[in-house]
Protein chains: 2
Amino acid sequence: MAEPLLSSLPAPGARSASLADVAHLAGVSTGTVSRTLSRPDMISEPTRLRVMDAVERLGYVPNGAARALSMRRTLTVGAIVPRFGSSSFPAMVQALETTLAAAGYTLLLSAPDPRPSYETSILRALLERGVDAVALLGAEQPQQVFAMLAANRTPFVTMWAPPEAGVHCVGFDEYAAAALVVDHLADHGHRRIGYIGGRTADSERARRRLRDLSLAIAKRGLTLCDDALAETEHGFQEGFDAMNTIAQRQPAITAVVCGSDYLAAGALAALDQAGIEVPRRLSVASFNDNDFAAFLHPPLTSVRLPIREIGEQAGERLLAQLRGLDAPVARALPVTLMQRSSTGPVPD
Amino acid sequence: MAEPLLSSLPAPGARSASLADVAHLAGVSTGTVSRTLSRPDMISEPTRLRVMDAVERLGYVPNGAARALSMRRTLTVGAIVPRFGSSSFPAMVQALETTLAAAGYTLLLSAPDPRPSYETSILRALLERGVDAVALLGAEQPQQVFAMLAANRTPFVTMWAPPEAGVHCVGFDEYAAAALVVDHLADHGHRRIGYIGGRTADSERARRRLRDLSLAIAKRGLTLCDDALAETEHGFQEGFDAMNTIAQRQPAITAVVCGSDYLAAGALAALDQAGIEVPRRLSVASFNDNDFAAFLHPPLTSVRLPIREIGEQAGERLLAQLRGLDAPVARALPVTLMQRSSTGPVPD
DNA sequence: TTGTATGCGTTATCAA
DNA sequence: TTGATAACGCATACAA
């Protein structure tokens, strides 16, 4: 029905303008145009003006592929982001993007679906696109990924992921986070607690989280109750279902720890629906990876994970490598306890 | 401390292998190698094997920049995503990514910060990178953006954004969504209602949302109360604050409509903290853009917006254009009412 | 300060 | 089926 949008700006039947076109129109050489755009200070005022005018009139946009081919770099950083839509990754990515953008780099995102070892084909796509560096977001990366990166001499950093030996890695102290939650609960008199977290079979991070929690619990002489343990994907629905499953078993617990905001939200909804009052009959604590745990009803005690900070620091690590300062660093950021609630003392 | 990961795969002090290297090792021409990789069926078996072997041994990865330069396309689609971290965009992006990936395209994401007209520089970066098409996610795009796209003959689609005349656009029927909420509330006897939504000064979408809601409200003979109206950014904190502000005025309303999940979550937290029972004293309804409104406490009535579907359809529109079938289409997806709660009847 | 010419790694055209 | 070779658009070393 409607005509295609053809504003009359570009020459009616041609492809977009090139350096040569600009040079021609301005009556100079391509080299001069190139320099005018990249280092204007090396060009005389009158020439510069003529060139800029031609650029303007032609609506010239440089061809990045040609530039990349010539310069052997793309000013692009690739990021591999599993489970893009959920949890804390968006915030991490945004922080990363901002940090890199400040240095002139653009972020190229890829979200692999969970097919096993699909990461390598994603990584391959990134490498073919000539990314100058790669950020690995909290994924379980097959060893082959690191091999490919090494083979291509591509700088990279892992974010919120198990630190590999000698690899740039930015995360936080997982044990400290677990201890923070456990100490808080113990201080309020809780002895027997449950846990809803990620699948330990699928994720090294989930394994560490559970392990650290167990350690912290043992250290304080508490009990992690087997019948109040659930492993699931991350999400509202999943937290809801997991909490229902646990509640059916009527375990003898007074507190539940949730691995993420989404799980906590789902769990709280399930408890509410089941008429189990929080925190009077059951306290809920969580690892807050999304800055919204604080707004859940009822307010929960949560450990704020430094998500945004991870993104920033990872960006800086990447930039350091791109500048040639690439001593591998594993950096652990501090965690803090956000206590907005009257986490219940043990009920009678 | 640790040695850098240098597996012995690549030649110790060289840059990565090129077609020529592979050709040399396999004893064929570069043309043959190129064809072997792109159309193996046109190559004799023995040659093919020799080439593949060389590829393997050198760990050859094609140079995308060179390919793009030669082929004049990148198999890349750019997306401009405002307010990356919040609300419904991640789900939309993921759906878009999946749809495009199935057709061999990669998505290149850019998240402009809210600086005005920053979009044009973002778009410029995308165009320089040679994206074959662009997806505009629900942003207010300055007219200049469309001009740039037209000048570059770059296919594009707007998602969940005001339809521009003659432009590919995928959204949903905003008025129908508003009417769904209003009818539901009216059917439960509510007469006077409030609204927490986006800033109408900043966003055409917010303006339409408010306008449609007003229309639907008028049509049912209800009243949208001025003193129960709040405009704000989207987010938990913002919804929390807005609800508090409204509550202080003690408006004579029995229901509040929230523009998004995040706002609704914040509003519910505020009501809870203020001791205002939902839905006994105040009903809350929302536009559910994130599939989690249903899990909020207490459950709310919400209109599910077809976020994922927008992403899918937008991807398909883009692909259609890339294949040359580019009759502009404005597509409106249906909306549905999710009623999980006992949206309160009017209290006494 | 400006112009010339070469290389970047592919794809594609045209012969062989 | 394969090989040589010309684009592709830009940056840059070298000349002027």
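Convention: sequence-line order gives letters A, B, ...; per-chain numbering from 1. Hydrogens, waters and symmetry mates are skipped; everything else that's a heavy atom, side chains included, is used. Since the model is a prediction, treat every value here as computed from it, not as a measurement.
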Undergrad: Give a yes/no on whether any side-chain N or O of B/Ser70 is located under 4.0 angstrom from OP1 or OP2 of D/dC8.
TA: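 It does not, given that no N or O in the side chain of B/Ser70 lies less than 4.0 Å from OP1 or OP2 of D/dC8.
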Undergrad: Output the single nucleotide from D/dC8, D/dA11, C/dT2 whose closest atom is nearest the side chain of A/Ile43.
TA: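 Of the options given, the side chain of A/Ile43 lies nearest C/dT2.
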Undergrad: Would you call B/Glu128 and B/Arg124 a salt bridge, using N to O less than 4.0 angstrom?
TA: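 Yes, this pair counts.
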Undergrad: Starting from P on D/dT2, measure out to NE2 on B/His24 and report it in whole angstrom.
TA: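 Atom-to-atom, B/His24 to D/dT2, this comes out as 19 Å.
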Undergrad: Can you name the closest pair of heavy atoms from B/Ala103 and B/Arg323 and give their distance?
TA: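 So the two residues come closest at CB-NH2, 4.0 Å.
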Undergrad: Just wondering, are more than 12 heavy atoms of other shown residues or ligands nearer than 6.0 Å to CD in A/Glu45?
TA: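 Yes, enclosed.
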Undergrad: Hey, which sits more toward the 5' end of DNA chain D by its nearest nucleotide, A/Ser18 or B/Thr32?
TA: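 Upstream on the strand: B/Thr32.
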Undergrad: For A/Leu69 and D/dA11, what is the distance between atoms CG and C1' respectively, to the nearest whole Å?
TA: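 From A/Leu69 CG to D/dA11 C1': 10 Å.
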Undergrad: If the helix axis at each end comes from five base pairs, how far does the helix from C/dT1-D/dA16 to C/dA16-D/dT1 deviate from straight, to 10°?
TA: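 Angle reported: 40°, given to the nearest ten degrees.
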Undergrad: Would you check if there is a donor-acceptor pair between the side chains of B/Arg129 and A/Thr106 at a distance under 3.5 Å?
TA: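 Checked: A/Thr106/B/Arg129 side chains pair up, N/O donor to acceptor below 3.5 Å.
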Undergrad: Show the nearest heavy-atom pair for residues B/Arg317 and B/Val170, with the distance to one decimal.
TA: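 Scanning both residues completely, I find the closest heavy atoms to be CG-CG2, 3.8 Å.
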Undergrad: By the 4.0 Å heavy-atom rule, please label B/Leu19 as base, sugar-phosphate, or nothing.
TA: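 It contacts base atoms.
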Undergrad: Please list, pair by pair, any protein nitrogen or oxygen found under 3.5 Å from a nitrogen or oxygen in nucleotides 13-16 of chain C.
TA:
none

Undergrad: Would you mind telling me which of C/dT10, D/dC8, D/dC10 lies closest to the side-chain atoms of A/Asn63?
TA: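 Closest of the options to the side chain of A/Asn63: D/dC10.
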Undergrad: Can you tell me how far CD1 of B/Ile310 sits from CG of B/Leu137, rounded to the nearest 0.5 angstrom?
TA: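 So the gap between those two atoms works out to 9.0 Å.
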Undergrad: Between D/dG9 atom C1' and B/Glu128 atom CD, what is the distance in whole Å?
TA: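 Spelled out: CD on B/Glu128 to C1' on D/dG9 is 13 Å.
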Undergrad: Would you indicate which nucleotide in C/dG7, D/dT5, C/dG9 comes nearest to any side-chain atom of B/Thr30?
TA: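 Looking only at heavy atoms from C-beta outward on B/Thr30, the closest nucleotide is D/dT5.
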Undergrad: Between B/Ser44 and B/Met71, which residue's closest nucleotide on DNA chain D lies nearer the 5′ terminus?
TA: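 This one resolves to B/Ser44.
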Undergrad: How close do B/Thr74 and B/Val131 get, counting heavy atoms only, and between which atoms?
TA: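 Shortest heavy-atom contact: OG1-CA, 3.8 Å.
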Undergrad: Assign A/Val33 to base, sugar-phosphate, or nothing according to its heavy-atom contacts below 4.0 angstrom with the strands shown.
TA: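 No contact at all - A/Val33 keeps every heavy atom at 4.0 Å or more from the nucleic acid.
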Undergrad: Is the shortest side-chain N/O distance from A/Ser29 to OP1 or OP2 of C/dT4 below 4.0 Å?
TA: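 So the side chain of A/Ser29 is outside the cut-off, no N or O lying under 4.0 Å from OP1 or OP2 of C/dT4.
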Undergrad: Whole Å only: how far is the CZ atom of A/Arg73 from the P atom of D/dC10?
TA: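 Answer to the nearest Å: 17 Å.
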